[in-house]
Amino acid sequence: MLVAVASGKGGTGKTTLASSLALVAAEKGKVIFLDCDVEEPNGHIMLKPRWEKKEAVRVPVPEINQEKCTFCGRCAEICAFHALVVLPQEVLLFPTMCHGCGGCWHLCPAGAISPGWREIGLVEEGSSEGIGFVRGRLNVGEAISPPLIEAVKERCRPGELNILDAPPGTSCPVIRTVKGADFCLLVTEPTPFGLHDLELACEMVASLGVPCGVVVNRSDGDDRLIRQFCQQNNLPLLLQLPHDREVARGYARGIPAVKVRPEWKEYFAALLSFIEEGGCTGARTGGAQREGRHGQDYRLRESGRTGSR
Amino acid sequence: MLADCDVDAANLYLLLDPVVKSASPFYGLKKATINKEKCLGCNLCLHLCRYDAIRPGFVVDPVLCEGCALCYHACPCGAVEMVDHVAGHLFHSETRYGPLVHARLGIAEDNSGKLVAAVRKEARRLAEEEKKELIITDGPPGIGCPVISCLSGTDLVLVVTEPTFSGKHDLERVLDLAEHFGCRAAVCVNKWDLEPENTRAVESLCNRRRVPVVGHLPYDESAVEAVKRGRPVILECSRTMEKGILALWDQLKVLLN
Ligand code: SF4
Ligand code: SF4
């Protein structure tokens, strides 16, 4: 089972929640934590895994044979991402702009382009207290993270609980992470910003046809804003974690919430059983109307486009 | 001149109470659609598409389609059409602090880097038109395409961090990125007094990298309350917070001159 933990904005406590969830789940069964926030991965700070292996993730890029090239300009013309510039005697490639679509090597009339590979980051694997741990780390300066996120997700283990720590926001990196998940937990704060970002995140998750539930973090007891929103949209409000000075200090030092407050474990256990006992189907209503639009595809895609194998 | 470049989760307008003066659609890359009447079912596009965006039955998944147009160029029957795709909206608003350019990315859209670039371009145009000297850009989190798009050509990047292990880790990544693109950076530590020890670690990190720490903002209940009410912190915070923000501004002015 794949459970994604996401939030519309950063700093809501997504990683603390995801790591606590993993720790609680590990007491009962097999669990693996996949840090899909490849731009700023933080899960390792909470779970402190011992690294066992790492692998470079590569994406395809054109290799231009300047000898065969006739400088016709066709490649630059078809590249939708403006990654190629054809000068009178040279073809220039801007690798970080290339999306690896293959257009140029399929369409070069002179057969001067062949596919090559370029490294964009690393996938590292390890384990921590019985929790399998995978993280992706994007090289600094790289613009496009989804292929790396796919490479992280390829390490999901069927039959185990896979917890995906998603990047913040609602655009492509998050979509890549959440797409194909069985359930998505949306973490928010009880502020107007939290609400606004939650609205966007819910729409995003619904458009992917993934059922979701809401967790309020740093609640001070007054969660009306969020509660109303959940009621109106038929979303389950699964957990309200109080604002807790000690938990915040623990977070600052890389200690997950359930280690600071072991008594919170039962909340997380309840959350897990809700998800596992088909909370999924019960909670789907939020996105039901939109579900058919795109993404009935629940499978993990098995594409080789990351070229990491 | 204000520009909200966190286009995924644009929040600035919630605080500044703007009056929207104009809105315009933002077009992302065109996306493919397949005209079934022309399609012979040769499967070429299915094989070529690296994004697995074409499903059996020749339906293009608009979320997966990146708009590369390979199928359009390759299709022997000309069955693929590239159609305009509105990926979001761009707004020009007026606030009592100055003009604001902001945007809203459509749900489940990519192109956030392009939209950031569009927001910045519009902000620049307006700033020149209205003779504004300073553009303050609210950037997105992370180090990927929207952030890169946000950094280019800025005079100064103010990186806001928190005294937590995660905050420090993220800070290093952003400073690496700024360095990579040759942008000048300065750091502000928010809620510095929550974990003074971590704040010191952040400071020594900045020292080592020769990045100035230009501000220390305290943890302040009144600021939390202001945010809950959706009000700018400076209007409703305690004296210490106000002092902290003003000191930050003074330091920034020095750097910007
Ligand atoms: S399409 Fe091929 S031959 Fe034409 S400029 Fe590009 S690389 Fe050279
Ligand atoms: S592979 Fe696609 S994106 Fe990359 S340079 Fe070639 S045409 Fe452009």
Side-chain angles (χ1 to χ4, degrees), chain A residues 8-11 15 37-42 45-46 60 78-81 96 99-103 106-107 138 140-146 167-175 179 190-193 196-197 200-201 203-204 206-208 222 248-249 251-254 294-295 297 301 303 305, chain B residues 6-11 14-15 29-30 48-52 55 61-64 66-70 73-74 104-105 107-113 140-149 162-167 169-170 173-174 176-177 179-181 194-195 197-198 224 227-230:
Chain A
K9 68 174 193 142
T15 303
D37 188 358
V38 301
E39 293 179 38
E40 291 180 330
N42 284 149
I45 294 174
M46 295 292 152
I78 59 115
C79 177
F81 310 102
T96 52
H99 285 223
C101 72
H106 281 111
L107 300 169
L138 189 69
V140 168
E142 287 297 338
I144 300 167
S145 60
T170 54
S171 63
C172 33
V174 195
I175 292 161
K179 194 171 167 86
T191 66
F193 301 108
H196 173 254
D197 298 336
L200 296 177
E203 277 187 64
M204 181 269 299
S207 78
L208 296 173
D222 178 12
R249 299 194 65 184
Y251 170 75
R253 294 164 188 189
H294 20 248
D297 189 357
R301 292 185 319 118
S303 81
R305 56 183 286 245
Chain B
D6 189 2
V7 294
D8 258 36
N11 278 164
L14 292 178
L15 275 180
L29 281 179
K30 293 185 178 192
L48 287 180
C49 180
R50 298 201 70 93
Y51 311 112
D52 295 349
R55 296 213 211 100
D61 182 330
V63 174
L64 291 177
E66 297 200 8
C68 73
L70 174 53
H73 291 293
R104 182 172 179 157
L105 195 65
I107 295 304
E109 282 296 339
D110 44 14
N111 288 306
S112 52
I143 61 163
C145 65
V147 186
I148 291 174
S149 172
E162 283 182 357
T164 63
F165 286 5
S166 308
H169 185 257
D170 296 349
R173 304 266 288 167
V174 177
D176 284 345
L177 186 74
E179 200 178 299
H180 184 92
F181 288 104
L194 276 186
E195 288 297 321
E197 212 176 295
N198 289 346
V224 178
V227 169
K228 281 194 94 164
R229 283 192 299 269

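Chain letters run A, B, ... following the sequence lines, proteins first, then strands; residues in each count from 1.
Taking every heavy atom of both residues into account, A:A252 and B:E195 meet most closely at CB-CG, 3.4 Å. The shortest non-hydrogen separation linking A:F81 to B:C68 is CE1-CB, 3.6 Å. Between A:G100 and B:Y51, the closest heavy-atom pair is C-OH, 4.0 Å.
To the nearest 0.5 Å, the span separating CD on B:E197 from CZ on A:R253 amounts to 6.5 Å. Rounding to the nearest 0.5 Å places CD of A:E39 at 9.0 Å from CG of B:L177. Rounded to the nearest 0.5 Å, atoms CG (B:N11) and OG1 (A:T191) are 8.0 Å apart. Distance check: B:L14 CG to A:H196 NE2 gives 5.0 Å after rounding to the nearest 0.5 Å.
Under the 3.5 Å distance criterion, the side-chain polar atoms of B:R50 are left unmatched by any main-chain donor or acceptor of A:G102. In terms of modelled atom types and a separation under 3.5 Å, the side chain of B:H169 and the main chain of A:P41 share a donor-acceptor contact. Of the possible polar contacts, one joining the B:R173 side chain to the A:L138 backbone as a donor-acceptor pair under 3.5 Å is found.
Options B:P163, B:P141, B:G142 differ in how many heavy-atom pairs under 4.5 Å they form with chain A, and the most are formed by B:G142. Each of A:V174, A:I78, A:V38 has some count of heavy-atom pairs under 4.5 Å with chain B, and the biggest count is that of A:I78. Highest contact tally toward chain A, considering only B:A69, B:A10, B:G144, is held by B:G144 [criterion: heavy-atom pairs under 4.5 Å]. When each of B:V174, B:V7, B:D6, B:D176 is checked for heavy-atom pairs under 4.5 Å with chain A, B:D176 comes out on top. The greatest number of non-hydrogen atom pairs below 4.5 Å with chain B, out of A:G254, A:P168, A:S171, is found for A:S171.
Using a 4.5 Å cut-off between heavy atoms, B:S166 touches chain A through backbone and side chain atoms alike. Of the atoms belonging to B:R229, it is backbone heavy atoms, and not side-chain ones, that fall under 4.5 Å from chain A. The part of B:I148 that comes within reach of chain A is its side chain, from C-beta onward, which places non-hydrogen atoms under 4.5 angstrom from that chain. In this structure, chain A has a heavy atom under 4.5 Å from the side chain of B:L29, while its backbone stays farther away.
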Original post:
Going through the checks in order, is the side chain to side chain contact (heavy atoms under 4.5 Å, CB included) test met by B:L70 and A:L107?
Top reply: CA-CA 8 Å; B:L70 174 53; A:L107 300 169; 4.0 Å; yes
Between A:C172 and B:E66, does the side chain to side chain contact (heavy atoms under 4.5 Å, CB included) criterion hold? Intermediate values first, please. CA-CA 10 Å; A:C172 33; B:E66 297 200 8; over 6 Å; no
Run the numbers on A:T170 and B:L105 for side chain to side chain contact (heavy atoms under 4.5 Å, CB included), then give the verdict. CA-CA 9 Å; A:T170 54; B:L105 195 65; 5.5 Å; no
Check your understanding: Could you walk me through whether B:F165 and A:N42 pass the side chain to side chain contact (heavy atoms under 4.5 Å, CB included) check?
Key -> CA-CA 9 Å; B:F165 286 5; A:N42 284 149; over 6 Å; no
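The shortest distance between side-chain heavy atoms of A:V140 and B:E179 does not fall below 4.5 Å.
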